[in-house]
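The next block holds one structure in the form of structure tokens; read it before the comments.
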Amino acid sequence: CNLQPKDAAKMPESAWKLLFYTLSWSYGTYLLFFTDYPFFYDPPSVFYGWKKGMDVPTDIAIAYLLQCSFYGHSIYATAYMDTWRKDSVVMLLHHVVTLTLIAFSYAFSQPVNPSQVPGAGTARAARGREVVLGEAVLGLTPPPGSPLNPPCSLCPGRFWFRLYWFPLKVLYATCYSSLQSVPNIPFYFFFNALLLILTLMNIYWFLYIVLFVAKVLMGQMQEVNDVREYDVEDSKKT
């Protein structure tokens, strides 16, 4: 493609993320809008009828597998394969938190002998279905640096999906509605603490986009560069 060496080095990362986000977003859209699940329009419904030992439906289990595999790989990729950026440490933390949320949600939704694992079979939501809602909402705006996320054009979209819809739909359901449907729901603080950490990360990355837009508007940036990237000298020192 006659790319500059710096861009060619980042091409595999961008191409892979383009493939994954297209696939995961499409599947999340299918689950939310082309099935009988009411999660998008009625987020608290993920807790309706919740009880211990509920099975995870096959189509949602596929969503678990898809997301869990991606974020498991992303931990390794961010550390050893992708371009190292100023926010790479935060990105690693994001992947660990997300993987923990997905894996524990799935594990605690399975019918397990409580005598073997105290508290097993409990979950932060009925059948772990909130993962579909949360991942679909987040998947609409991939992390900074993704080929699907040019900062200027998606600045309103990132704010809408990650800083408005995510708290409005996901956090509202997990922090408030869960207690209304299941007053003594286990692992309440554990899961919500991790979700709030993700919210803080969303704010952190949104500030990067605001910084980018501000530099463009003030004429401080002559070409489109990722403000999270180290310049050449800083990269050599690192």
Side-chain angles (χ1 to χ4, degrees), residues 16-17 19-40 42-78 91-113 116-117 119-143 161-162 165-166 169-171 173-174 177-178 181-182 185-188 190-199 201-202:
W16 161 242
K17 289 180 179 178
L19 174 64
F20 172 78
Y21 285 121
T22 300
L23 177 63
S24 63
W25 182 86
S26 299
Y27 189 64
T29 300
Y30 160 75
L31 289 176
L32 287 176
F33 300 109
F34 297 95
T35 65
D36 294 330
Y37 298 123
F39 310 141
F40 186 81
D42 184 20
S45 65
V46 299
F47 296 100
Y48 297 165
W50 182 90
K51 61 181 180 180
K52 293 183 180 180
M54 297 183 73
D55 291 330
V56 178
T58 301
D59 52 0
I60 292 183
I62 293 174
Y64 270 109
L65 179 62
L66 182 67
Q67 297 292 341
C68 201
S69 300
F70 173 75
Y71 285 107
H73 164 265
S74 294
I75 294 174
Y76 174 84
T78 301
M91 187 70 77
L92 276 172
L93 177 61
H94 169 274
H95 297 335
V96 171
V97 170
T98 303
L99 185 61
T100 301
L101 279 167
I102 297 173
F104 274 74
S105 176
Y106 184 82
F108 293 145
S109 295
Q110 297 299 310
V112 181
N113 187 343
Q116 297 174 337
V117 184
T122 58
R124 62 181 170 141
R127 304 182 187 178
R129 295 172 295 187
E130 78 293 341
V131 168
V132 175
L133 174 65
E135 290 298 336
V137 169
L138 288 180
L140 291 171
T141 52
F161 291 119
R162 290 180 177 253
W165 264 2
F166 182 70
K169 292 181 177 290
V170 179
L171 293 184
T174 60
S177 301
S178 60
S181 300
V182 189
I185 188 168
F187 304 105
Y188 174 84
F190 172 74
F191 283 112
N192 281 297
L194 294 182
L195 288 170
L196 289 172
I197 290 175
L198 290 182
T199 303
M201 293 181 186
N202 289 336

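Ring pair His95/Phe70 is perpendicular by interplanar angle, where above 60° counts as perpendicular and below 30° as parallel. Aromatic ring orientation, Phe191 versus Phe187: perpendicular (interplanar angle above 60°, classes split at 30° and 60°).
Atoms CD1 and CG, from Ile60 and Leu65 in turn, are 14.0 Å apart once rounded to the nearest 0.5 Å. Annotation: the span from Tyr37 atom OH to Leu31 atom CG amounts to 7.0 Å, rounded to 0.5 Å. With rounding to the nearest 0.5 Å, the separation of CD1 in Ile75 from OG1 in Thr78 is 8.0 Å. Separation of atoms CG (Leu195) and CG (Leu171) is listed at 6.0 Å; rounding is to 0.5 Å. From Phe166, atom CZ reaches atom CG of Asn202 across 6.5 Å, with rounding to the nearest 0.5 Å. Atoms OH and OG, from Tyr21 and Ser26 in turn, are 14.0 Å apart once rounded to the nearest 0.5 Å.
A donor and an acceptor atom, one from each side chain of Tyr30 and Asp59, are nowhere located under 3.5 Å apart.
Taking 4.5 Å as the limit, every side-chain heavy atom of Thr174 sits out of range of all side-chain heavy atoms of Val46.
Of all heavy-atom pairs between Val182 and Phe47, the closest is CG2-O, 4.4 Å. Shortest non-hydrogen contact noted between Lys169 and Pro43 is O-CB, 3.4 Å.
Scored by the side-chain hydrogen bond (donor to acceptor under 3.5 Å, both in side chains) test, Ser181 finds no partners at all (sequence neighbours excluded). By the side chain to side chain contact (heavy atoms under 4.5 Å, CB included) test, Leu194 is found to be paired with Val97, Thr100, Leu101, Phe190, Ile197, residues two or more places apart in sequence or in another chain being considered. For Tyr188, there are no ring-ring contact (aromatic ring centres under 6.0 Å, His included) partners, not counting sequence neighbours.
Ring centroid separation for the pair Trp165 and Phe40 comes in under the 6.0 Å cut-off.
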